[in-house]
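Counting convention: from 1, in listed order, for ligands and their atoms alike. Side chains included, hydrogens not; waters and symmetry mates left out as well; all remaining heavy atoms used.
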Amino acid sequence: MDRSDSEGRPGDDLGRGAPGVAARGRGPNRPGDISQEDDTAPSAGWGAARSVTRVLAKTREPVSGPLAIVRMNHENGGFDCPGCAWPDDRKGLHLDICENGIKHVTWEMTRKKAGREFFAAHTVTELADWPDYALEDQGRLTEPMVYDEATDKYVPISWPDAFALVGRTLRDLDAPDQAAFYTSGRLNNEATFLYQLWVREFGTNNLPDCSNMCHEASGRALQAALGTGKGTCDIADWDAADLLFVMGVNAASNAPRMLTTLAKAHRRGAQIVHVNPLVEAGARRTIVPHEFAAMAAFRSTETGDQNVQVRIGGDLALLRGVAKAVFERAEENPAVLDVGFIERHTSGFASYRDLVRATDWAELVRQSGVSERQIREVADRYMAADRTVISWCLGVTQQDHGVDTVREIVNLLMLRGNLGREGAGPSPVRGHSNVQGNRTCGIDHRPAPEFLDALDEVCGISAPRAHGLDTVGTIKAMRDGRVKVFVAMGGNFVLAAPDTDATTAALRTTELTVQVSTKLNRSHLVHGRRALILPCLGRTEKDTRATGEQGVSVEDAMSEVHLSFGMRKPPAETLRSECAIVAGMARATLPDSATPWEWYVEDYDRIRDTMAQVLPGFEDFNRRVREPLGFRITQPAREREFHTASGRAEFHPGELPDVTPPQGMLVLSTMRSHDQWNTTVYSDDDRYRGVKNLRTLLFMNPKDMADRGLAEFDLIDITSHARDGSTRSVYGYRVIAYDIPPASVAGYMPELNILCGLDDYSRQSDQPLMKHQLVTVTPSQDGRTL
Ligand SMILES: Nc1nc2c(c(=O)[nH]1)N[C@H]1C(S)=C(S)[C@@H](COP(=O)(O)OP(=O)(O)OC[C@H]3O[C@@H](n4cnc5c(=O)[nH]c(N)nc54)[C@H](O)[C@@H]3O)O[C@H]1N2
Ligand SMILES: Nc1nc2c(c(=O)[nH]1)N[C@H]1C(S)=C(S)[C@@H](COP(=O)(O)OP(=O)(O)OC[C@H]3O[C@@H](n4cnc5c(=O)[nH]c(N)nc54)[C@H](O)[C@@H]3O)O[C@H]1N2
Ligand SMILES: [Mo]
């Protein structure tokens, strides 16, 4: 390919293209026809089985793949699925497996290895030109590697030397705040606790994490409204609800085991309302994966009663419209409000009611993109239900007003007392398998003073009180030379973060980058002056320490904590556990530390004993986590005890934002395909949306296509318009006609992160606006030569 027009470095064109040059995606980019057809087949079931078989074949794991699944997500003894955070089936009786969990596990368990011979054969510049799929497809990393500038290659380094390099570089900084320590949500609780202890003993709260791009808005809103950063529901509440809202979640792809719950709910007569600009596969019918008889008969169950296709960003207006209809009905029938609950447990009701009454229907319709009739229909369902659960994911949180929308969810629930009782409440659908546990165990750049006080007292350190940097703050600080060392416990920061160019440039200014990883990814190739790759055990692998095999704990999206034991032989003897790697880096950084780093990692029970003293709700941790299904962290809000300033649950009169784009512009939401896990792309297909062999695409309403003179699969260029007036472009994408509201368009992360300007983040949550970019779309320049 002629790269004369691209930004200059190999791989820079990935996801971008160049004027007159079609973009390559980050998946395999195999030659072949692209296609899209309406795929209305039920989700899960046989299509899923076929897809899993293909992944197993690719990872060369046809036999041990399924065997591993049998041990996954079971009562203590198996390992926790490293996929999503949906809770396990509490009865532990039958297998609750899903296609994407299987893909995820087998991707980790591959027999392929990227050892020292691999790195000796390829320069970093050469690898940078490979699509991201090809990088991860090299298999598991096996030994510590350090970047050698002279040869532009990674070369082996011993563990002690690697730790010494980390320690020396950190100690040489002018101040601890010149380093930042990222966490991806897979890190188990014990390693998390040690990690934040190291970072705080070293002297900074610079703990950015993937949650800063994910559910930060949920945490902030729930904390302010209810005095808890988490949802109050558990899976039993989902099973007892008679109305379930699923907002901004692609359940069939991203939380597939939720479909089992939805199918069960439908069968017992509960109503299910999906709120999403797209009608996703999980909103129609599913074949419940473990119901083999139903699978054999191809018998599917409905998983949706109403699909509300909001415009992108329109959720707050929709919820407020529902509240408005409730208040109108209350004038004739006051019983639709739970006055007892409102009076006894809440504050701020009157000003919220006044605000809702003062808002016009016309404005609510315009901002939600949903007709008044449809909003009233949702309200009727809400008023007919005794028990309502509202769940949500990224469609709600990655918005400018994400915090206000989550607060509006709580407002609406509170009107009918749907809080702190069976079958009712707010229920965020968390992402990574332990992202919630990370926050519980101390990954927080704005830690609560009580947490720091307990940490100081129990661990004998003096943790800094000043708030640290989050993800966006870290990128800016690296860019400005204020952060010189970047350490990542997992993840793929450069691709997950917004503004790929800015993040790339920022990382390249640093003195040292350290990546603790299982597989090769882009974040190893975009590095500081010096760079380390430290390979770790995966969750499926045996972790044997001085006192024997160790289990680690994780917390799911519904606050259940349980143990996970790896069962496979590690792919290389040189791998270390994440706990051991943190301890090694900590000791090298803090040679005089009184913290017993080495002793802690001989037996993880010792870490848990300390955690039990620091973390509220973890009393008697070692015993309770060994109960057959672990334990639920106690949560006052669930018992209608609210740790807010007023001691009550707070209504919040959030301002209704204008989410409509200026004339000629469209609003872009970036999301996952069915066949990817965040930055890991398994194939270029998106089965439930009917797409084959294409990731550089944009789903668009047919009318918006006609306005631009576009036909199906035409090549287009997309330009984003950031708040600060800057523009960013990608070239040679393909447009696909789709059932999506006018002026709303959607495409895939991480390719489209190029378009998300660094300054385009929410002032409420500091989350990048990954679901709300203003863009213009034009036919590709010189499209015929593409
Ligand atoms: N297989 C698989 N599972 C995963 C992941 C994965 O990549 N692959 N990622 C994990 C992680 S970290 C997370 S956070 C979750 C993410 O789970 P999701 O939140 O489902 O992730 P996205 O693919 O970003 O999909 C967002 C959904 O929101 C919709 N949406 C977009 N804009 C709006 C809007 O304005 N309003 C509403 N109501 N909806 C909107 C989109 O159409 C899409 O259905 O999944 C987790 N599970
Ligand atoms: N445009 C756009 N951008 C987004 C989003 C979006 O919706 N739109 N979503 C955001 C969200 S919700 C999230 S959570 C972030 C995700 O951001 P990250 O968590 O940073 O990214 P992942 O792709 O999940 O990380 C994959 C890498 O983790 C490593 N890994 C896998 N397993 C392990 C393990 O057990 N231990 C360790 N140490 N490493 C492991 C592997 O090397 C793999 O390459 O992306 C965000 N970025
Ligand atoms: Mo996430």
**OP:** I would like to know whether Q767 and Q399 meet side chain to side chain contact (heavy atoms under 4.5 Å, CB included); could you show each step before the answer?
**Re:** CA-CA 8 Å; Q767 277 192 238; Q399 304 277 354; over 6 Å; no

So which heavy atom in the protein is nearest [atom], and how far is it from that ligand atom?
atom	value
atom 23 (O) of ligand 1	R672 N, 2.8 Å
atom 21 (O) of ligand 1	N254 ND2, 3.0 Å
atom 6 (C) of ligand 2	Q398 NE2, 3.5 Å

Can a salt bridge be assigned to the pair [X] and [Y] using a cut-off of 4.0 Å between side-chain N and carboxylate O?
X	Y	answer
R728	D501	no
K230	E555	yes
D675	R687	no
E280	R689	yes
E108	R539	no
E143	R576	no

**OP:** Could you say whether the N/O atoms of N678 and ligand 1 ever approach to under 3.5 Å?
**Re:**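 Yes; the residue has a nitrogen or oxygen that sits under 3.5 Å from a nitrogen or oxygen of the ligand.
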
Out of [options], whose heavy atom sits nearest [atom]?
atom	options	result
atom 38 (N) of ligand 1	T680, N276, D315	D315
atom 1 (N) of ligand 1	G313, S253, A496	S253
atom 20 (O) of ligand 1	N250, V275, L394	N250

Any atoms of ligand 1 less than 4.0 Å from a non-hydrogen atom of [X]? List them with their elements.
X	answer
Q676	1 (N), 2 (C), 6 (C), 7 (O), 8 (N)
C214	14 (S)
L278	42 (O)

Contacting atoms of ligand 2, where contact means under 4.0 angstrom from a heavy atom of [X]:
X	answer
C536	36 (N), 37 (C), 38 (N)
H432	14 (S), 19 (O), 24 (O)
G490	37 (C), 38 (N), 39 (N)
K771	7 (O)

Original post:
Do R430 and S218 touch side chain to side chain, with heavy atoms closer than 4.5 Å?
Top reply: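 Side chain of R430 against side chain of S218, heavy atoms only: no contact under 4.5 Å found.
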
Original post:
Would you call L752 a ligand 2 contact, heavy-atom distance under 4.0 Å?
Top reply: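 So L752 does not count as touching ligand 2.
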
Original post:
Just checking, is any N or O donor in the side chain of S553 or E190 under 3.5 Å from an acceptor N or O on the other one?
Top reply: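 Yes.
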
Original post:
ligand 2 versus N521, non-hydrogen atoms closer than 4.0 Å: side chain, backbone, both, neither?
Top reply: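 Looking at N521 and ligand 2, just side chain atoms fall under 4.0 Å.
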
**OP:** Could you tell me if the ring centre of F486 sits under 6.0 Å from that of F181?
**Re:**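 Not under 6.0 Å, so no.
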
Original post:
For ligand 1, does E280 get within less than 4.0 Å through its side chain, its backbone, both, or neither, judged by non-hydrogen atoms?
Top reply: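 Only the side chain of E280 comes within reach of ligand 1.
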
